[in-house]
Amino acid sequence: MGCENIEFDQGWGEMEKGIEKLKRILAGEKETPFTSREYMTLYTTIYNMCNQKAPHDYSEQLYDKYKKTLDEYITSIVLPSLKDKHDEFMLRELVERWLNHKIMVKWLTRFFHYLDRYFIIQKSVPALNEVGTTCFLNLVYEDVHPTIQDIVLSLIDKEREGDQIDRALLKNALEIFVEMGLGQMNRYQDDFEARFLQETTNYYSRKASKWIEEDSCPDYLLKSEECLKKEVDRVSSYLHSSSETKLIKKVQHELLVVYVNQLLEKEDSGIKVLFRDDKVDDLSRTYRVYNKISQGLDLVANVFKQHVTIEGTAFVQQAEEATSNQASNTPGGHEQVLVKNILELHDNYMTYLNSCFQNHNLFQKALKEAFEVFCNKTVNGSPSAEILASFADHILRKGGSEKLSDEVIEETLEKVVKLLQYVIDKDVFAEFYRKKLARRLLFDRGTNDDHERSILSKLKQQFGAPLTSKMEGMVTDVVLAKEHQSSFQEYLRNNPDVHPGLDFTVTVLTTGFWPSYKWFDLSLPSEMVKCVKVFKGFYETKTKHRKLTWKFSLGTSHINGKFEPKPIELIVSTHQAAVLLLFNASERLSYSEIVAQLNLAHDDLIRLLHSLSCAKYKILNKEPSSKSISQSDSFKFNPNFTDKMRRIKVPLPPVDERKKVIEDVDKDRPYAIDAAIVRIMKSRKVITHQQLISETIEQLSRMFKPNIKAIKKRIEDLITRDYIERDRDNSHMFRYLA
Amino acid sequence: MLVGYSNVSSKAKIKGLEKIDRLFNTYANSSFGMIDPEGIEALCSDLGVDYTDVRILMLAWKLKAEKQGYFTQDEWQTGLKALGVDSLSKLKKALSDLEKEVEKPSNYEDFYTYAFRYCLTEEKQKSVDIESICELLNLVLGVQFRPQIDSLIEYLKVQNDYKVINSDQWINFLRFCKEISFPDLENYDAIQAWPLILDNYVEWMREKHS
C-alpha cells in the first residue's frame with residue numbers, strides 16, 4: 001500500500017483534520033490533546049507527500065499551504081479579536097493571541113517538519129518557524145504596533161507617576177517587539193525604544209525643571225538617585241536589557257548634567273553651603289552620583305574649584321581692605337592673618353578631598369588650580385611670596401607672638417612648605433626668606449637651630465637643593481662662628497697685649513651664602529678700630545687666603561649710657577653706636593659735622609639720627625625738635641633720658657628691601673634659564689623648539705615660571721655665544737655645539 | 001734653472017692669467033698687493049655700476065671675498081676664472097649673468113648668508129648694527145620682497161630691544177619673507193621657533209593695523 005501515491009487533495013484533507021483540531025484546542029474548546037498516533041499520522045502524511053515521485057511530490061504546495069493556513073487563521077480569528085479592543089485590554093489580547101500563534105506554529109512545524117529538513121534548504125526559502133513569525137508580523141504586527149506602542153508608553157508614564165501597573169503584561173508585550181525582529185533588535189528599537197527614550201527625556205526634563213526650582217540641592221540629589229534606581233528596576237522588570245545603558249544616560253543627562261551648575265551653585269543649599277555646614281554625607285552623595293556619569297566628575301570638580309577660589313580670594317580681599325582701612329598696629333599683621341586663613345582653608349579642603357571625594361585626582365587638580373589662583377596675588381604691594389616668607393619668619397622668631405609649642409611650630413612650618421607649592425615665584429620666596437633668615441641669625445638671639453634646619457630640609461625635599469643650599473650655608477656659618485669665637489678668645493688670652501679692652505665677637509660669613517649688603521665706608525670709633533685690627537691679626541693666623549670685608553651695618557653694640565636718672569644699657573646697631581660715641585667727645589654736633597666725621601650717605605644718616613632722636617627713645621635731643629631730620633639740625637646728648645627698664649633695644653627700622661629683592665631675582669632668572677637650556681641641550685643634543693621650551697619650563701618649575709619670550713631671548717643669546725645652533729634644514733630644530 | 005716646455009694650451013692659460021693679472025694691477029693698491037676700497041670704487045665706475053649696487057656684492061660673493069672692501073689677487077684670479085672673463089668688457093657682461101646665477105634657488109641662500117658675513121669687519125664680530133642691516137636688507141631683498149622689507153626696516157629703526165642683529169636672526173628674515181603671507185601675517189605663530197625679534201615685529205604690525 002505504501003507504493004501508492006497520495007493525491008494532494010486527499011493528503012491535505014488529512015492535514016486539515018489535524019489543523020482543525022489544533023484550532024479548537026487553541027480556542028479553548030473541549031478537546032483531547034494530540035496523541036502520539038495522531039501526530040505520527042500527520043507527520044507521515046507530509047513525509048509521504050514530499051517523497052513521491054514527480055509530478056506527485058507536493059513539497060512546494062505543502063509549503064504554500066502551510067503559510068496560507070496561518071494567514072487564514074490570523075485573518076479570520078486573530079484580527080477580529082483585536083479589532084475593537086483598547087488600552088490594556090488590547091495589550092492583553094495581543095499577548096494572548098501571540099502566545100497562541102506561537103503554539104500553533106510549534107505544532108504545525110512539528111507536523112510539517114519534513115519540509116524544514118530538505119525543502120527549505122533546497123529552495124533557499126525561510127524555515128517554517130520564520131514563516132510563522134513573518135505571517136504574524138505582516139498581518140498583525142504591522143497593523144497594530146503603533147497603537148501598542150502608545151499603550152505601553154502610557155502605562156510606563158502611569159507607573160512613573162506612582163500607579164501600579166501589570167509589569168508582566170508589559171514584559172510580554174515588549175517581547176513581541178523583540179521577537180518581531182527575527183533575530184535583530186531593529187523592530188524593538190525602531191517601533192518602541194526610540195520613542196520611549198524620547199518620552200523619557202521629556203519626562204525627566206519636565207521634572208528636573210520643576211525640582212531645580214523647588215528643591216534643595218541634597219533633596220534634588222536624593223530624588224535623582226531614586227529615579228535612577230527606579231529606571232534600572234524598570235529595565236530588569238520589563239524592558240529589554242539592551243535599553244539600560246541608553247536609558248540611564250538620558251536620565252542622568254536630564255536630571256544631573258543639564259542643571260549641574262544651577263544645582264551645585266544653589267544659594268542656600270549648594271556646594272558652598274554643604275561645605276559650610278560640613279554635610280559630609282551630602283557631599284559624598286554628590287560625588288557618588290556624578291561619578292557614575294561619564295565626565296560627570298569634571299562638572300563637580302569645576303564647581304568645587306570655583307568655590308575654593310572664591311573663598312581664598314575673599315580672604316585676600318579681606319586682607320587688602322583691612323590694611324587700607326586702618327593703620328595696623330603690627331605691620332603686616334593682616335598678612336599674617338591671611339596666611340593663617342589660607343592654611344586653614346587648605347586643611348579643611350584636604351580633609352574633604354579625602355572623606356568625600358575619594359582623593360580623586362580631578363579634585364586634587366581642582367584644589368591645586370584654585371589655590372594657584374589666589375596664592376599668587378599681591379596684597380598691598382606685597383607679593384604672596386614675600387607674605388609667606390614673613391609668615392615663616394614670624395613663626396621662627398622665638399615661636400612667634402603666641403609662644404607656640406615645638407610640635408605646633410613644626411606642623412605649621414610643614415604646612416607653609418605645602419603652601420609654597422602653589423606659589424609660582426618660588427625664587428622670590430627664597431630670596432625674601434634668605435634676607436629674613438640673615439636677620440634672624442644675626443640679630444635674633446635664641447633662634448632655634450632645630451626648627452631652622454627642619455624647615456630647610458623640608459623645603460629641600462619638596463623643591464630641590466638649589467632653593468636651599470645657600471641658606472644651609474648660612475646656618476652653618478653661624479654655628480661655626482661660635483666655634484671660631486672660642487678659639488679667638490684663646491688667642492686673646494695668649495696675647496694679652498693686643499686685647500682692645502672691649503668685649504667683642506666677630507661672626508665671619510661666607511660671602512656666597514649670604515644676601516649682599518651695602519658696604520659703608522664708615523669711620524669707626526677708635527675703640528672699635530682696635531677691635532677690628534686685633535681680629536684681623538687673629539684671622540691671619542688661621543688663613544692667609546681669605547679677604548675680610550667688614551659689614552658694620554649688621555653688627556650690634558651694647559653701650560652704657562650714663563644718664564642722670566640712672567645708667568641704662570643701650571642695645572644698638574654698630575652704626576647707631578658710631579653716632580652716639582661721637583657725643584663722648586662733643587656735647588653738641590650739627591648734622592654736617594656728623595656727616596663729616598662718619599662719612600655716611602644722607603639717606604643712611606637720616607635714618608640713624610631719626611631712630612635716636614625722633615622715635616620711641618630720644619637718646620639725643622634735636623634742635624629744632626621737629627618730627628623729621630633735616631640737614632640743618634643739631635643734636636645734643638640727652639642727659640635726662642630714662643626708661644623703666646635697665647636695658648633697652650633701640651630699634652633701627654630696616655630699609656624696605658622689597659624692590660631690591662625683586663630686582664635681584666629678576667637679574668638672576670636669565671642665568672637660571674640659560675643653565676636649564678644648556679643642561680637640556682647637552683643631554684638631548686638635538687631637540688625641537690617646542691620641546692626645548694616645554695622642557696625648560698618643566699625644569700624651572702620648582703623655582704619660577706619663565707615666559708616664552710624670556711626663554712626665546714636666552715636661546716638667541718646662546719646662539720650668539722655659539723652654545724647652540726639652529727639646524728640648517730629644519731628651522732625649528734636646535735643642535736648643541738660641544 | 002729649469003726651463004719647462006709649454007704646450008699651446010698652457011701657453012694660452014698663462015696668457016689668460018696674464019690678462020687677469022694685468023686687470024688686477026690696474027685697480028690694485030701696489031703697497032698692499034690687493035684691490036682696496038678706492039680700487040673697487042674705480043672698478044665700479046669703469047663697470048658703470050654704483051659702488052652700492054647689489055651686483056658688486058654678488059661679485060664679491062663670486063670671488064668669495066673674505067674682507068669687505070678688498071679683493072686679494074687669489075680671490076680675483078679664482079673669481080674671474082670662474083666667471084670665464086679676462087677683460088673689463090667681458091666682466092661687464094658677466095655681471096648681468098651673475099644676477100641670474102645668484103637668483104637660482106640653490107645659490108640664493110648661500111649668497112644671502114654670505115652678504116651678512118661680508119659685513120663682519122672686525123675679528124670675532126658676530127653681529128651687525130641695525131643701520132647696516134637695514135641697508136643690507138634693502139639691497140639684498142628689497143627688489144624681491146619690497147613691501148615686507150620696507151615694513152621690516154621701518155620696525156627695525158623704531159624698536160629699542162636690539163642694537164645688533166646676529167646671523168641666526170638674519171637667516172630668519174629671508175625665511176620670513178618666503179614663508180609668511182603678507183601683509184596679513186596670518187600663518188605666523190609666535191609659539192614656533194621664530195626669533196624673538198620677529199615675534200616683536202609681528203606684534204607691532206598687528207597693533208598698527210588693528
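Proteins get letters first, then strands, A, B, ... in listed order; numbering begins at 1 in each.
- Proximity to chain B among residues 681-695 of chain A is limited to H689(A), Q690(A), judged by heavy-atom separations below 4.5 angstrom.
- Interface residues of residues 187-207 of chain B toward chain A, defined by a heavy-atom distance below 4.5 Å and sorted by number: A190(B), I191(B), Q192(B), A193(B), W194(B), P195(B), L196(B), I197(B), D199(B), N200(B), E203(B).
- The environment of K208(B) atom NZ is dense: over 12 non-hydrogen atoms of other residues, nucleotides or ligands sit within 6.0 angstrom.
- No more than 12 heavy-atom neighbours from other residues, nucleotides or ligands sit within 6.0 angstrom of CD on Q295(A).
- Chain B forms the most heavy-atom pairs under 4.5 Å with one residue out of T720(A), D722(A), I719(A), and that residue is T720(A).
- Remark: Y723(A) OH is loosely packed, at most 12 non-hydrogen atoms of other residues, nucleotides or ligands lying under 6.0 Å away.
- Taking 4.5 Å as the heavy-atom cut-off, none of the residues of residues 32-69 of chain B approach chain A.
- Scanning residues 117-145 of chain B against chain A with a 4.5 Å heavy-atom cutoff picks out K126(B), S127(B), ordered by number.
- E99(B) CD: more than 12 foreign heavy atoms inside a 6.0 Å radius.
- In this structure, E265(A) places its CD atom where more than 12 heavy-atom neighbours from other residues, nucleotides or ligands lie under 6.0 Å away.
- Note that the CD atom of E716(A) and the CD1 atom of I165(B) stand 8.0 Å from one another [nearest 0.5 Å].
- Within a 6.0 Å radius of NZ in K90(B), other residues, nucleotides and ligands contribute more than 12 heavy atoms.
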> Would R728(A) and I171(B) satisfy side chain to side chain contact (heavy atoms under 4.5 Å, CB included), going step by step from the backbone distance to the final call?
Replying inline: CA-CA 10 Å; R728(A) 285 213 65 187; I171(B) 195 70; 5.7 Å; no

